[in-house]
**Student:** 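There's a structure below that I have some questions on.
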There are 2 protein chains.
Amino acid sequence: MAATTRLFVKLRPLLAGVAVGGSVICCGVYYNKKMTVEARTSGTVAKKFKFMAEPLTDIETLQEGKSMKHRMELYIMNLQGKICKELEDLDFDKKFHVDRWQRDEGGGGISCVLQDGSVFEKAGVNISVVTGNLPPEAAKQMRSRGKKVGDGKLPFFAAGISAVIHPRNPMVPTIHFNYRYFEVEEEDGKVTWWFGGGTDLTPYYLDEEDVTHFHKTLKNACDKHDPTYYEEFKKWCDKYFYIPHRGECRGVGGIFFDDLDKPSQEEAFQFIQSCGNAVLESYTPIVQKHSIDSYGWRQRKWHLLRRGRYVEFNLVYDRGTKFGLYTPGSRTESILMSLPLTARWEYMHEPKEGSKEAELMEVLRNPRDWIRK
Amino acid sequence: MAATTRLFVKLRPLLAGVAVGGSVICCGVYYNKKMTVEARTSGTVAKKFKFMAEPLTDIETLQEGKSMKHRMELYIMNLQGKICKELEDLDFDKKFHVDRWQRDEGGGGISCVLQDGSVFEKAGVNISVVTGNLPPEAAKQMRSRGKKVGDGKLPFFAAGISAVIHPRNPMVPTIHFNYRYFEVEEEDGKVTWWFGGGTDLTPYYLDEEDVTHFHKTLKNACDKHDPTYYEEFKKWCDKYFYIPHRGECRGVGGIFFDDLDKPSQEEAFQFIQSCGNAVLESYTPIVQKHSIDSYGWRQRKWHLLRRGRYVEFNLVYDRGTKFGLYTPGSRTESILMSLPLTARWEYMHEPKEGSKEAELMEVLRNPRDWIRK
């Protein structure tokens, strides 16, 4: 293990627990009695493999890759490293702050946050790898989603990566993605597993070329695996990221799916990797194109108002956020990492007819197909 | 009726409906097919009585005061006028924007918002006076609170005032209050009624003298009616405005109560009036004392971070807000009027030990008794 500063943190609601991030339960939010938080590691494994910190499972086991648990953990470690590196390169100014923590019950997480940078106002890229027994509340929720989980002791494993990137320039959209693998062992020893995830874009000003590029990249990733995926998961995304009390979507969508357990574990994992690998391709060109676009207070104010809507969605509707916050002992800071650095609420703000702001609202109220069939 | 600009608004989620505001259901959030929004009235009745707009019920009926419905409506009209006038005087710079709206099903509301003033960054003072039939969801919720409401048609009446005042200077606390009267007619014709409400303070920096003055004023209002009220309602307030995922209270409390239906309707109404009348006495001296206090970016940043917590409480836990947002057709703008103009979220922000910011956190984590017994 690398030389790290270890802080044993006493039980208190703010820090005890393990992270969930982004949308939809990644299952890392269960109460625990003690947690270990470490500063950024400069360990040999992290350096060699370009990880953000030492992996939670030893590298030999990960490399052997005998089970999906280990293959998924290795994949998200790699993806986190790659994405953080690219975001740091794009930002020029700031580096990611890394928190690595371990749960006594098993597993842990690595939270990376870049704050107040020159290009990114707040960017968080989390991974969590958690084992434990499913709390009754979580089991109940899973049953409500059609999972055949029993009443007894339910050992589970969850590994996921989730990220929200809020850029500084109002012309650069916010991106969110989340990919996760989950398995639960039932009383008869049978293991149920599934993958879930998605990537979606939240622009503040509409650049149709950008949105089309974004959706095309996701469609290409989907099409390699199943010609029906993109259409199905695009619709699911529009439906999921909808804010009923505003009558609008959070952004211009992308893809979203859950409970994916077919055609085979291997093929589902290949699909997850195609999606994860498409994140930078879908987003980097948009950041490069707009991060030094000109803007004034009007555009910045609109940016902040739209971020208010982002906060509304995440705190009022997002399943992962709600589940996390209602679970005693969850790691609040990792859950709420998804919130923007700044947001604004004005009473009765309505963009002027025919304005650029109204143009955005039109597509948020009436989701469009971005790719011609 | 006064000369008003009438806008007939077509059904859409953003505007259809009637307001709830502040915390706890004031019951004004039911779906309706059409709503009328009017600009600020300069009607003769409003002028004569110093109301913010023409009352929803004609003034002769209100003055006759034959029923509690009319007496409560007249009281909140008066209180809204008085409070808005005082806040405008304190602000010097800006006046309240007034929206008056009526529901086709019965009743309506008057929303007053002062935004971007010199003293107040955002101040909203709403009233709503609503009649209709209780939707099944609301009836269910009431039953869960022990109300004996039936399954059939349940005509109800609700009148309330609610306000949230977010000042600009970080040294001036935010205040929230809400007072409401509710009645519902059961199948056998029996009318069940109750009052609810409260006033609470959210400082960003602790001035013990201010907090003691605030609590003493509320205690005096309570003591006139029942020597046990203050202690009971102070505890209730600390419990209600608690943010579990942060392990802290939203502010330094005040009083909070619901389902008050004793000792008699008349005496409960007298108590509500004492509370409502104490609002300005509890708050104005604090505004006057601190509104031109010096501060820098450190204090302002803390102010914004704490407002982030205000947003978290309101969107994640506040019963009134949640109920409102989940009810199709509610007036979102009136519900979310309680959110600050601006808020901020920083990852892992923790005030320095021994700092003024840490001093505040101490009382938010461990609610204090502000009045020596």
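Only heavy atoms go into these numbers, but all of them, side chains included; no hydrogens, no water, no symmetry mates. Throughout, a chain's letter reflects where its sequence line sits, starting with A, and its residues are numbered from 1.
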**Student:** Quick check: do Val316(B) and Lys322(A) have side-chain heavy atoms less than 4.5 Å from each other?
**Tutor:** no
**Student:** Which heavy atom in Ala343(A) sits nearest to a heavy atom in Trp345(B), and how many Å separate them?
**Tutor:** CB-CZ3, 4.1 Å
**Student:** Would you name the heavy atoms of Glu346(B) and Glu333(A) that are closest together and state the gap between them?
**Tutor:** O-OE1, 3.8 Å
**Student:** Between Leu304(B) and chain A, which part of the residue has a heavy atom less than 4.5 Å away: side chain, backbone, both or neither?
**Tutor:** neither
**Student:** Under a 4.5 Å heavy-atom cutoff, which of Leu305(B), Thr342(B), Leu341(B) has the most pairs with chain A?
**Tutor:** Leu341(B)
**Student:** Once you round to the nearest 0.5 Å, how far does CE of Met348(B) lie from CE of Met337(A)?
**Tutor:** 13.0 Å
**Student:** Would you name the heavy atoms of Tyr347(A) and Gln115(B) that are closest together and state the gap between them?
**Tutor:** N-OE1, 2.7 Å
**Student:** I need the residue from Leu339(A), Ile243(A), Asp116(A) with the largest number of non-hydrogen atom pairs under 4.5 Å to chain B.
**Tutor:** Leu339(A)
**Student:** Evaluate the side-chain proximity of Tyr317(B) to Leu325(A): yes if any heavy-atom separation is below 4.5 Å, no if none is.
**Tutor:** yes
**Student:** Please look at Glu312(B) and chain A and tell me whether the side chain, the backbone, both or neither of the residue comes under 4.5 angstrom of a heavy atom of that chain.
**Tutor:** both
**Student:** So which atom in His245(B) and which in Thr332(A) form the shortest heavy-atom distance, rounded to 0.1 Å?
**Tutor:** O-OG1, 2.7 Å
**Student:** Considering only heavy atoms, which portion of Val113(A) lies under 4.5 Å from any heavy atom of chain B: side chain, backbone, both, or neither?
**Tutor:** side chain
